[in-house]
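One structure is given here, and the rest of the page talks about it.
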There are 2 protein chains.
Amino acid sequence: MVDDAHLRLMERVFQALASTPRRKILAYLAHAELSAGDIAARFEMSKPAVSQHLSVLENAGLIASEKRGQYVFYRLLPDTLANVLNGYVQEVCPVSRPLKAESRTIAE
Amino acid sequence: MVDDAHLRLMERVFQALASTPRRKILAYLAHAELSAGDIAARFEMSKPAVSQHLSVLENAGLIASEKRGQYVFYRLLPDTLANVLNGYVQEVCPVSRPLKAESRTIAE
DNA sequence: TATTTAGTTAAGTAATTTCTTATTTACTTA
DNA sequence: TAAGTAAATAAGAAATTACTTAACTAAATA
């Protein structure tokens, strides 16, 4: 049951990440909290299209929204991303590999 | 130029991972090298469908194939997965987070 | 209170993805 | 060499995804 929930979350996360605009949105939110309009302004596509991308990311637990007055602000939820991706790397890569990569990073 | 190639690879990797059957194939290959038929036998879908999934994974640099006699054997290329996912986590998550997760793992 | 601004929801279309079956290629063995 | 097995390619149907514009809701301001 719990594991099944985890699989469904993983499914939604990988689905969410399979889109260049959505990965771009996450990159923007890594540096600052932004309103829906701030985000839409950085893309060529229409506002509803961006709004839909934001829903996908929110349903995957990758971002959270908060309405303040007229605006809706979005912020990154870095734990979901880190947990799902690190978890998957460790599941697939014979343990030593990801650790080595991280050790290198830690060493820097 | 180099960075553009990196972005195209990332694009293909996330695209490849956005499919449950393909993530399952990677999990199988994490434990052993398998022939195309061995892999197809583990799924309900037709062999050509599995073959197409294998192409997607191979084009993303996540697996490699080698023909030996009548069979084509597939094996995981763990570096691509680890590099792309770790790289992305670090790009998006304010550095501390993935390191902490890995430190915990290393501590075990 | 009427208008403007920010954002989402709805409905429909275009593009892409994921399957299927049929065909083809390459190797093995009777 | 003929027959059988393993796998990929081809062609097309069905399902999903990613957009568009139009309509709607909520908050701010004149």
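Lettering follows sequence order; numbering is per chain, from 1. Atoms considered below: every heavy atom in the structure, side chains included; atoms not considered: hydrogens, waters and symmetry mates.
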Without decimals, in angstroms, what is the distance between [X] [atom1] and [N] [atom2]?
| X | N | atom1 | atom2 | value |
| --- | --- | --- | --- | --- |
| A:Glu66 | C:dA6 | CD | P | 19 Å |
| B:Asn59 | C:dT18 | CG | C1' | 16 Å |
| B:Leu34 | D:dA6 | CG | P | 15 Å |
| B:Lys67 | D:dT5 | NZ | P | 16 Å |
| B:Arg12 | C:dT17 | CZ | P | 13 Å |
| A:Ile39 | C:dA6 | CD1 | P | 14 Å |

Give a yes or no on whether B:Leu17 and A:Met10 share a hydrophobic cluster (residues Ile, Leu, Val, Met, Phe, Trp, Tyr; joining criterion: side-chain heavy atoms under 4.5 Å apart).
->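 Yes, B:Leu17 and A:Met10 fall within the same hydrophobic cluster.
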
For the hydrophobic clusters of this structure (ILVMFWY residues joined by side-chain heavy atoms under 4.5 Å, transitively), does one cluster hold both A:Leu85 and B:Leu7?
-> yes

Just to confirm, is there a sub-4.0 Å distance from OP1 or OP2 of D:dT17 to any side-chain nitrogen or oxygen of A:His53?
-> no

OP1 or OP2 of D:dT20 less than 4.0 angstrom from a side-chain nitrogen or oxygen of A:Ser46, does that happen here?
->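 Indeed, a polar side-chain atom of A:Ser46 lies that close.
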
Of A:Gly69 and A:Met45, whose closest DNA chain D nucleotide lies nearer the 5' terminus?
->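 Result: A:Met45.
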
What residue among B:Lys24, B:Arg23, B:Arg22 forms salt bridge (Lys or Arg N to Asp or Glu O under 4.0 Å) with A:Glu11?
->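 By the salt bridge (Lys or Arg N to Asp or Glu O under 4.0 Å) criterion, A:Glu11 pairs with just one of B:Lys24, B:Arg23, B:Arg22: B:Arg23.
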
Show each protein N/O and nucleotides 7-16 of chain C N/O combination with a separation under 3.5 Å, one pair to a line.
unit_1 : atom_1 : unit_2  : atom_2 : d
C:dG7  : OP1    : A:Ala36 : N      : 3.2
C:dG7  : OP1    : A:Gly37 : N      : 3.3
C:dG7  : OP2    : A:Gly37 : N      : 2.7
C:dT8  : OP1    : A:Tyr74 : OH     : 2.4
C:dT8  : OP2    : A:Ser51 : OG     : 2.8
C:dT8  : O5'    : A:Ser51 : OG     : 3.3

Who passes ring-ring contact (aromatic ring centres under 6.0 Å, His included) against B:Tyr88, sequence neighbours left out?
->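 For B:Tyr88, the residues satisfying ring-ring contact (aromatic ring centres under 6.0 Å, His included) (neighbours in sequence not counted) are B:Phe14.
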
Provide the Watson-Crick or G-U wobble partner of D:dC19, both distances under 3.5 Å; none if there is no partner.
->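 By the stated definition (distances under 3.5 Å), C:dG12 pairs with D:dC19.
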
Under-4.0 Å salt bridge between B:Arg8 and B:Asp4 = yes

Under the 4.5 Å side-chain heavy-atom rule for ILVMFWY, direct or indirect, which residues accompany A:Tyr71?
-> A:Phe73

Tell me, do B:Cys93 and A:Leu81 make a side-chain contact under 4.5 Å, heavy atoms counted?
-> yes

Contact class for A:Arg68 vs. all strands (heavy atom < 4.0 Å): base, sugar-phosphate, or nothing?
-> nothing

